[in-house]
Amino acid sequence: MKKMIFKIMGTIILMSLLCCVDGREFDDIEGNCTTDMVANITFEELDSLVQDDVIQIHEDLILEGYVISSDRAGNIFGVLYIQDKLNNPSMGIQLEMDLRESHLQFPVGSKVLVKLKNLYLGKRGSNIRIGSVFSSFGNLSIGRLPSGKVFEHLFISCEGEGIPEPLVVNIPEIDSLPSNILVELENVEFAEETLGETFAVPQEETERILRDCGENEIALINSGYADFQAELLPETNGNLTAILTKDGDIPQLLIRTLEDINFTEERCPEIITEFTSNQIFISELADPDNNSSARFVELYNSASEPLDLNLWTLRRYTNDNTEVSSTIDLSGLIIGPESTLVISPNAEEFELVYGFVPDLGVSTNSPADSNGDDNLELVDPFGSVIDVFGVVGEDGSGTNHEFEDGKAFRNLDVTEGNPVYTFIEWTIFNDTGDAGTINLPQNAPGDFTPGQRE
């Protein structure tokens with residue numbers, strides 16, 4: 001009877017102890033602290049070993065670095081990011097491993113030593129990766145190191161840990177930085193079109209766009225399994241700490257937890273790039289008699305300040321069409337003060353003929369590829385016609401707006417666009433045209449002055 005009572009009591013005590021253990025910690029493997037290992041290879045030297053294909057490391061090489069990642073919030077899984085220094089890092093690597101709750105054994109800032117012998121080394125884009133290996137269709141790829149093997153290769157240094165100081169950068173600088181390092185971006189915010197969305201779609205890797213006040217962009221990659229997956233994106237502006245990785249040559253960011261986001265400031269002021277002006281107009285149209293591939297359209301800005309052509313368009317009406325035949329979107333271009341902008345439908349031929357590269361190369365059958373019988377409109381971002389050549393709905397053949405095999409040149413006393421075609425503003429050369437035009441075909445390059453308002 002006493003034996004039975006003791007047996008029951010022992011069972012109860014054991015069950016009580018088990019109930020008090022955190023399920024995550026129950027499976028933890030005790031980390032190793034070492035003082036007798038010395039690094040004998042640098043990150044740069046490891047990078048020099050990378051080949052086109054995955055290779056196995058056979059030498060007794062030891063790499064020293066600092067942990068910058070954490071899987072505590074579930075946004076990073078199956079990989080440990082390690083950089084070469086706590087401050088001002090110059091390189092980092094990814095250690096692929098199948099270890100749950102790795103942040104408990106290898107907290108952020110831990111100094112670690114990696115025994116590289118028998119590990120596999122490869123590169124995806126600029127990301128240096130080490131780990132196990134698997135074969136897919138005969139090709140070797142880096143895979144996760146089994147949990148039982150992790151502590152044969154990865155050791156905590158007894159020298160302790162520090163606090164990694166992220167490299168403070170701006171978005172345009174990121175392209176030139178190495179992968180797998182900790183960075184901090186200042187004065188960034190989530191793109192307006194993503195506001196109201198959560199960090200990630202459930203169970204899906206999700207890209208959310210970050211912007212700075214200059215409208216430079218970079219993608220933040222979030223896991224659909226992260227603890228913060230369902231949290232709404234913050235609508236304010238501030239600083240963000242993240243691990244910089246690259247998908248090929250395209251930079252991406254990974255946060256460890258929401259503590260990496262410190263958005264407490266107001267959003268960037270709206271940048272207005274849509275302007276109108278009647279001081280931009282069509283200054284020359286070319287249809288060379290000797291080379292139809294050397295056609296072009298020239299625009300001119302008579303103002304004393306540059307003009308952003310965001311959402312401006314140039315439209316062509318072929319022959320007597322009353323509907324737009326083709327359009328050129330001028331977004332992304334800026335026309336300087338008292339300067340020209342030359343558009344060619346064949347940039348390579350244009351350069352051969354005229355000796356310089358056009359400001360914009362477009363396709364054939366575009367507004368820059370007129371045969372001289374067509375009509376054009378220059379339209380501002382708000383849909384207003386600022387300047388026009390020809391009469392929409394009227395084929396130019398035999399009219400005072402025909403420039404077939406010739407050119408139409410805007411007279412130098414014209415300083416503003418005109419939404420109504422006015423013949424006296426133009427000097428027009430052609431093969432056949434109405435009275436007042438000049439029946440004299442023009443040959444490239446000598447009879448044309450692209451890029452010059454003279």
Side-chain angles (χ1 to χ4, degrees), residues 37-69 71 76-99 102 106 108 110-147 149-157 164 166-167 169 173-183 205 218-219 221 242-254:
M37 293 177 61
V38 179
N40 57 11
I41 187 173
T42 65
F43 280 66
E44 289 77 9
E45 290 167 341
L46 179 65
D47 186 32
S48 70
L49 298 179
V50 176
Q51 300 179 13
D52 292 336
D53 299 318
V54 171
I55 63 168
Q56 187 176 25
I57 300 173
H58 298 289
E59 294 78 14
D60 289 315
L61 300 175
I62 297 175
L63 183 74
E64 179 183 281
Y66 295 87
V67 175
I68 57 171
S69 61
D71 60 0
I76 297 173
F77 177 79
V79 60
L80 197 69
Y81 291 88
I82 304 170
Q83 66 183 31
D84 58 348
K85 293 177 288 186
L86 279 174
N87 304 321
N88 297 315
S90 59
M91 194 168 290
I93 63 167
Q94 297 175 211
L95 173 59
E96 308 285 336
M97 61 183 192
D98 193 12
L99 182 66
S102 63
F106 306 104
V108 171
S110 298
K111 184 176 182 179
V112 293
L113 295 145
V114 187
K115 283 188 175 181
L116 297 172
K117 186 174 182 179
N118 295 327
L119 293 182
Y120 289 82
L121 172 67
K123 213 169 189 181
R124 179 184 292 165
S126 61
N127 294 326
I128 303 174
R129 305 167 68 216
I130 57 176
S132 185
V133 72
F134 68 93
S135 178
S136 176
F137 301 102
N139 297 316
L140 295 181
S141 298
I142 300 296
R144 293 177 189 160
L145 192 65
S147 59
K149 293 285 186 180
V150 170
F151 292 99
E152 295 179 12
H153 292 276
L154 188 60
F155 299 85
I156 290 280
S157 170
L167 191 63
V169 296
E173 293 174 333
I174 279 182
D175 283 337
S176 62
L177 295 179
S179 299
N180 306 324
I181 65 170
L182 195 65
V183 298
E205 184 176 270
I218 190 170
I221 307 300
I243 298 168
L244 170 63
T245 67
K246 295 187 179 180
D247 181 9
D249 293 325
I250 301 175
Q252 299 177 333
L253 299 176
L254 291 171

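Residue numbers count from 1 along this sequence. The basis for the numbers below is simple: all heavy atoms, side chains too, and nothing from hydrogens, waters or symmetry mates.
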Smallest separation among heavy atoms of [X] and [Y], with atom names:
| X | Y | answer |
| --- | --- | --- |
| L182 | Q83 | N-OE1, 3.0 Å |
| S179 | N127 | CB-OD1, 2.8 Å |
| G143 | E96 | O-CB, 3.4 Å |
| E45 | N40 | OE1-O, 4.3 Å |
| L140 | S135 | CD2-CB, 4.1 Å |
| L63 | A39 | C-CB, 4.4 Å |

From [atom1] ([X]) to [atom2] ([Y]), nearest 0.5 Å:
| X | Y | atom1 | atom2 | value |
| --- | --- | --- | --- | --- |
| L116 | I62 | CG | CD1 | 8.5 Å |
| I181 | M91 | CD1 | CE | 10.0 Å |
| I57 | K117 | CD1 | NZ | 11.5 Å |
| L46 | I93 | CG | CD1 | 6.5 Å |
| I174 | L253 | CD1 | CG | 5.0 Å |
| I130 | M97 | CD1 | CE | 10.5 Å |

Would you say the side chain of [Y] lies within less than 4.5 Å of the side chain of [X], judging by non-hydrogen atoms?
| X | Y | result |
| --- | --- | --- |
| L49 | L61 | yes |
| L95 | F106 | no |
| K149 | S132 | no |
| L119 | V114 | yes |
| E64 | K111 | yes |
| D71 | L99 | no |
| P164 | L86 | yes |
| L121 | V50 | yes |

Run the ring-centre check on Y120 versus F134 and record whether the distance is less than 6.0 Å. no
Those residues that, when tested against Y81, pass side chain to side chain contact (heavy atoms under 4.5 Å, CB included) (two or more places apart):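 Y81 satisfies side chain to side chain contact (heavy atoms under 4.5 Å, CB included) with I68, S69, I76, V79, Q94, N180, I243, T245, L254 only.
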Exam field: side chain D84 to backbone E44, donor-acceptor pair closer than 3.5 Å: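 Not a single qualifying donor-acceptor pair exists.
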For R144, which residues count as a salt bridge (Lys or Arg N to Asp or Glu O under 4.0 Å) partner, sequence neighbours excluded?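 Scan of R144 (salt bridge (Lys or Arg N to Asp or Glu O under 4.0 Å), adjacent residues dropped) gives none.
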Run the salt bridge (Lys or Arg N to Asp or Glu O under 4.0 Å) test against D47 and tell me which residues pass, sequence neighbours left out.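 By the salt bridge (Lys or Arg N to Asp or Glu O under 4.0 Å) rule, D47 matches K123.
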Does CD1 in I55 sit with more than 12 non-hydrogen atoms of other residues, nucleotides or ligands closer than 6.0 Å? yes
